[in-house]
Amino acid sequence: MVLFPSSIFLFILGKLFIQYPPEKINNYWGFRSKKSMKNDENWKKAQKEFGIQSKKIFMYTSLFSLTFLLMDILLIIYGNDIGLILSLITQSVVLVLLLLLLYLNINKKLN
């Protein structure tokens, strides 16, 4: 139950960044890394790239995570706590790895 809502949120955030990316470098809103905050060109490129890649990655992840969601519902119904905990840990690890992949891909495209 972790991966599905997170994927939907990050997919919507990606669409938002494509349409309305943060224009100025700031410490509150936007894809912030040392490379992206180095100059305005990197900042704009990072925001656009975050939107594109986030939308692409998490569109497929949200479809894939429906399997986990259904499995979690069944585990709750049958009262299998150990299976539910393992499922939540697996989903959390997958989410962290996808966010790391997103971060590395965006930073690789910056100057």
Any side-chain heavy atom of [X] within less than 4.5 Å of one from [Y]?
{"X": "Leu95", "Y": "Phe58", "answer": "yes"}
{"X": "Met37", "Y": "Asn27", "answer": "yes"}
{"X": "Ile77", "Y": "Ile73", "answer": "yes"}
{"X": "Asn105", "Y": "Leu101", "answer": "yes"}

Check for a donor-acceptor pair, side chain of [X] on one end and backbone N or O of [Y] on the other, with a separation under 3.5 Å.
{"X": "Lys109", "Y": "Lys45", "answer": "no"}
{"X": "Ser62", "Y": "Met59", "answer": "yes"}
{"X": "Ser36", "Y": "Phe31", "answer": "yes"}

Closest heavy-atom pair and its distance - [X], [Y]:
{"X": "Asn42", "Y": "Asn39", "answer": "N-OD1, 2.7 Å"}
{"X": "Gly30", "Y": "Gln47", "answer": "CA-OE1, 3.3 Å"}
{"X": "Met1", "Y": "Leu88", "answer": "N-CD2, 3.6 Å"}
{"X": "Asn26", "Y": "Arg32", "answer": "O-CD, 3.2 Å"}

Just distance, no hydrogens or angles: give the donor-acceptor pairs under 3.5 Å from side chains in residues 17-25, sequence neighbours left out.
none

How about Lys35: does its NZ atom have over 12 heavy atoms from other parts shown lying under 6.0 Å from it? yes

Considering residues, nucleotides and ligands other than Leu104, do more than 12 of their heavy atoms fall under 6.0 Å from its CG? yes

Review item, side-chain donor-acceptor pairs of residues 4-15, under 3.5 Å, at least two apart:
residue: Ser6; atom: OG; partner: Val2; partner atom: O; Å: 2.8
residue: Ser7; atom: OG; partner: Leu3; partner atom: O; Å: 2.8

Taken in chain and number order and not counting sequence neighbours, the residues that satisfy side chain to side chain donor-acceptor pair (under 3.5 Å) with Asp40 are none

Who passes side chain to side chain donor-acceptor pair (under 3.5 Å) against Ser92, sequence neighbours left out? none

ILVMFWY cluster, [X] and [Y] together (side-chain gap under 4.5 Å):
{"X": "Ile89", "Y": "Phe68", "result": "no"}
{"X": "Leu74", "Y": "Leu86", "result": "no"}
{"X": "Trp29", "Y": "Ile52", "result": "no"}
{"X": "Ile106", "Y": "Tyr60", "result": "yes"}
{"X": "Leu69", "Y": "Leu63", "result": "no"}

Could you state the interatomic distance from CD (Glu49) to CG (Asn107), rounded to the nearest 0.5 Å? 11.0 Å

To the closest 0.5 Å, what do you measure between CD1 (Ile57) and CG (Leu102)? 5.0 Å

Which pairs pass salt bridge (Lys or Arg N to Asp or Glu O under 4.0 Å) with one or both residues in residues 65-86, sequence neighbours excluded? none

Residue list, salt bridge (Lys or Arg N to Asp or Glu O under 4.0 Å) with Lys56, at least two apart or on another chain: none

Determine whether Asn80 and Leu84 satisfy the following criterion, side-chain contact (heavy atoms from CB on, under 4.5 Å), listing intermediate values before the conclusion. CA-CA 6 Å; Asn80 187 343; Leu84 184 62; over 6 Å; no

